[in-house]
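Just so you know, these numbers use all the heavy atoms, side chains as well, and skip hydrogens, waters and symmetry mates. One-based numbering along the sequence shown.
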Amino acid sequence: MIYTIIVKSSFFSKENSISALLFSKALIMKKKHFIKSIFFISDGVLNMNRFLSFTINELNLKKKWINFSKKNKVRLNVCFSAALRRGIINIKKKINYENFEGNLGIFFKISSLEKLSRDIQKSDRVIQF
């Protein structure tokens with residue numbers, strides 16, 4: 001089966017983001033399932049801020065998503081409009097002779113709702129967290 005996963009909450013407000021990661025890992029472990037994409041929307045885009053810092057005893061969920069993506073070749077899409085509304089930007093500019101980079105983590109790709117709808121059409125199941 002082909003799945004599209006939608007994550008709507010940040011890791012620090014609810015457990016939905018952690019549940020989405022655990023569910024995605026369980027799907028991948030069963031060799032008969034495939035994840036088309038994981039799409040972060042609403043407050044879920046806050047998981048992708050590369051300026052977030054974690055203490056040693058905290059779960060670094062952003063790092064876990066990145067490791068999951070690298071290991072399983074699953075694209076992590078971030079809704080452009082939701083990210084923009086929450087201050088997550090993906091730009092590289094020179095401002096006053098200084099390089100400025102956005103705060104979107106490098107393994108996350110800005111995407112649109114159009115991409116989400118295409119992925120949903122090609123999926124057998126859509127799971128929202």
| Which value, rounded to the nearest 0.5 Å, describes the distance between Asn77 atom CG and Thr4 atom OG1? | 9.5 Å

| said: When you measure from the side chain of Asp119 to the backbone of Lys36, do you find a donor-acceptor pair of N or O atoms at a distance under 3.5 Å? | reply: no

| request: Kindly assign one of parallel, tilted or perpendicular to the pair Phe23 and Phe129, based on the angle between their ring planes and the thresholds 30° and 60°. | output: tilted

| If two hydrophobic side chains count as joined below 4.5 Å and joins carry through other members, does Val74 share a cluster with Phe39? | no

| request: Flag yes if more than 12 heavy atoms outside Glu15 fall under 6.0 Å of its CD atom; otherwise flag no. | output: no

| query | Looking at CG of Leu27 and CE of Met29, how far apart are the two atoms once the value is rounded to the nearest 0.5 Å? | reply | 10.0 Å

| Any sub-3.5 Å donor-acceptor pair from Ser17's side-chain atoms to Ser10's backbone N or O? | no

| task | Starting at OG of Ser19, measure out to CD1 of Ile5 and round the result to the nearest 0.5 Å. | result | 11.5 Å

| Linked, directly or transitively: Leu22 and Leu76 (ILVMFWY side chains, under 4.5 Å) | yes

| field | Salt bridge flag under 4.0 Å for residues Lys8 and Asp43 | value | no

| said: Leu116 vs Ser111, test: side-chain contact (heavy atoms from CB on, under 4.5 Å). Steps then yes/no. | reply: CA-CA 8 Å; Leu116 174 62; Ser111 192; over 6 Å; no

| message | Grouping I, L, V, M, F, W and Y whenever their side-chain heavy atoms are under 4.5 Å apart, do Ile28 and Ile18 come out in a common cluster? | response | yes

| Quick one: OG on Ser69 to NZ on Lys71, what's the gap to the nearest 0.5 Å? | 12.5 Å

| Which pair of non-hydrogen atoms, one from Met1 and one from Asp124, has the smallest distance, and what is that distance? | CA-OD2, 3.4 Å

| task | Using the rule that two of Ile, Leu, Val, Met, Phe, Trp, Tyr join whenever any of their side-chain heavy atoms come within less than 4.5 Å, decide whether Ile41 and Ile35 are in one cluster. | result | no

| query | Pairs in or reaching into residues 59-85: which pass ring pair (Phe, Tyr, Trp, His ring centres under 6.0 Å), with residues at least two apart or in two chains? | reply | Phe40-Trp65

| query | Is the number of heavy atoms from other residues, nucleotides or ligands within 6.0 Å of NZ (Lys115) greater than 12? | reply | yes

| Are Tyr3 and Val126 linked, directly or through other ILVMFWY residues, by side chains that come within less than 4.5 angstrom of each other? | no

| task | Give the intermediate values and the outcome of side-chain contact (heavy atoms from CB on, under 4.5 Å) for residues Ile38 and Ser24. | result | CA-CA 9 Å; Ile38 298 176; Ser24 299; 3.9 Å; yes

| With a 4.5 Å heavy-atom cut-off, do Ser42 and Arg86 have their side chains touching? | yes

| remark: Output for pair (Ser37 OG, Arg118 CZ), nearest 0.5 Å, gives 10.5 Å

| query | Under the side-chain contact (heavy atoms from CB on, under 4.5 Å) criterion, do Val7 and Val45 qualify, and how do the steps go? | reply | CA-CA 8 Å; Val7 181; Val45 301; over 6 Å; no

| request: Test Gln121 against Ser117 for side-chain contact (heavy atoms from CB on, under 4.5 Å), laying out the working first. | output: CA-CA 6 Å; Gln121 287 177 340; Ser117 66; 5.7 Å; no

